[in-house]
2 protein chains.
Amino acid sequence: MANGDLITGEFKRTLDDRFRLSLPGEVAGLVSDEQGGTIVVKEQYGCLSLWAADQWQERIDSGVDLIRQKIQAGRMQERWSEVQRLGRLLSTRQTTVKLANRSRLLIPEGFRGFLGVSPNQEVMIVGAVICLEIWNPTAWLETLKQDMPQFNPLFKELTS
Amino acid sequence: MANGDLITGEFKRTLDDRFRLSLPGEVAGLVSDEQGGTIVVKEQYGCLSLWAADQWQERIDSGVDLIRQKIQAGRMQERWSEVQRLGRLLSTRQTTVKLANRSRLLIPEGFRGFLGVSPNQEVMIVGAVICLEIWNPTAWLETLKQDMPQFNPLFKELTS
DNA sequence: CTTGATAGTGGGATTTATACCCATTAGAAT
DNA sequence: ATTCTAATGGGTATAAATCCCACTATCAAG
């Protein structure tokens, strides 16, 4: 993702019968790195978010890196069970995928139920500035209804 | 297990009629050492964990070291029976196995009941960073429900 | 309005992984 | 020794993922 590119836009897509959907060209490039790697994350029920590896790095991966270093430095010896517990959660929360041919994404097996969709169903694709989100339409409407009134105050707060 | 490789990922597998399951290729190599040794450990009811034998040894050694230090510091005098109990558990709750062809693991006899599964049943395979875990699906869901809210605090704590 | 380019979609073909099955071997018990 | 049971070792069918090509709709340019 080129630095400074904000991911925005709202799109409607339909999953095909194999749980694939094609991302809009304008944003597809923004959520995969040079190797074509895209991180898929379970956010809240009904929503998955897609990240380019480098952006992801800043948010989580650097933390994971830190943990890795600590493990190697032997600084986790009294906290194995916590490391294990966190690792477990990391494993369900995120996975790495590669977009296929025409920026087509196959929703990974364990993530389908979380998104709450069946084949041939519609989903919303929403830019969230730093990542791209895939929404179950129902959950999307629900979120909109809840969040929309906060747009103005939020905008003020973030621009002040 | 190559140093620095964290074990992550979530997979669904089915036991065959002889209590065997094939581990995903991506993680199978991470839980056996050069001699092909894998340690199976009873973790909590409904869950077994798999470790590369050499890594496990390191982990135990460092733990034993810690206990030795505490003993020498005179901090265990009131806790001999606990230490003894720990030692006992250390030996009963684990066993060494070798993965067969195609990364196939036979769940050892004494460990099946603990996992709470019957042949032809599904299990979840979950990376826990330092080990790989095999979960009874029900126990896995239960754990997730309980632990997921702690993800953020736990992450903060371990990266601080 | 026509034409051409491009993004999105559907689906056939191929590949791959794994689960299901059966055969053989090993080991224990009688 | 014999029989039974559990472990082990593959062969094969199957389903999912992946690759790839073709069709279509949309939009832009002429």
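Note that the coordinates shown come from a computational prediction; the quantities given were computed from them, not determined experimentally. So that the names make sense, note that chain A is the first sequence line, chain B the second, and so on, each numbered from 1.
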Extract from the structure each pairing of a protein N or O with an N or O of nucleotides 24-29 of chain C at less than 3.5 Å, listing the distance.
none

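Listed by first and then second residue, the ring pair (Phe, Tyr, Trp, His ring centres under 6.0 Å) pairs that reach into residues 27-60 of chain B are B/Tyr45-B/Phe114, B/Trp51-B/Trp56, sequence neighbours excluded. Listed by first and then second residue, the salt bridge (charged side-chain N to carboxylate O under 4.0 Å, His left out) pairs that reach into residues 91-102 of chain A come to none, sequence neighbours excluded. Contacts classified as ring pair (Phe, Tyr, Trp, His ring centres under 6.0 Å) and involving residues 119-148 of chain A (residues at least two apart or in different chains) are given here: A/Trp135-A/Trp140. Each side chain to side chain donor-acceptor pair (under 3.5 Å) pair with one or both residues in residues 145-157 of chain B, not counting sequence neighbours, appears once here: A/Arg79-B/Glu157, A/Arg85-B/Gln150.
Contacts of A/Lys70 classified as side chain to side chain contact (heavy atoms under 4.5 Å, CB included), with partners at least two apart in sequence or in another chain: A/Arg75, A/Met76. With sequence neighbours left out, A/Gln77 forms a side chain to side chain contact (heavy atoms under 4.5 Å, CB included) with A/Trp80, B/Ser62. Every residue two or more places apart in sequence or in another chain that forms a side chain to side chain contact (heavy atoms under 4.5 Å, CB included) with B/Leu15 is listed here: B/Phe19, B/Leu21, B/Ile107, B/Val117, B/Val123. Taking the side chain to side chain contact (heavy atoms under 4.5 Å, CB included) definition, one finds that B/Asp61 meets it with B/Gln57, sequence neighbours left out. Shown here are the ring-ring contact (aromatic ring centres under 6.0 Å, His included) partners of B/Phe155, two or more places apart in sequence or in another chain: B/Phe151.
To the nearest angstrom, P of C/dG8 lies 16 Å from NZ of A/Lys12. At whole-Å resolution of the value, CG in A/Asp16 and P in C/dG11 are 9 Å apart. Separating the CG atom of A/Asn120 from the P atom of C/dG8 is a distance of 19 Å, rounded to the nearest angstrom. Nucleotide C/dA19 holds its P atom 8 Å from the CD atom of B/Glu122, rounded to whole Å. Atom pair B/Leu21:CG and C/dA17:C1' shows a separation of 14 Å (rounding to whole Å applied). If you take CZ of A/Phe19 and P of C/dT9, they are 16 Å apart, rounded to a whole angstrom. The nearest whole Å value for the distance from the CZ atom in A/Arg20 to the C1' atom in C/dG10 is 7 Å.
No contact: B/Leu23 has no heavy atom under 4.0 Å from any strand. As judged by a 4.0 angstrom heavy-atom cut-off over every strand, B/Ala100 is placed among residues touching the sugar-phosphate backbone only.
The outermost nucleotides of DNA chain D lying under 4.0 Å from heavy atoms of chain B, listed 5' to 3', are D/dA7 to D/dT12.
Projected onto DNA chain C by closest heavy-atom contact, A/Glu26 and A/Asp17 fall at different nucleotides, the more 5' of which corresponds to A/Glu26.
Regarding contacts with the backbone of C/dT9, a side-chain N or O of A/Arg13 is found under 4.0 angstrom from either OP1 or OP2.
Side chain of A/Ser91 to backbone of B/Thr8: no donor-acceptor contact under 3.5 angstrom is found.
Shown for residues 101-113 of chain B: residues whose heavy atoms fall under 4.0 angstrom of DNA chain C, namely B/Arg102, B/Arg104.
Considering A/Arg18, A/Arg20, A/Arg13 as possible partners of A/Asp16, the one that fulfils the side chain to side chain donor-acceptor pair (under 3.5 Å) test is A/Arg20.
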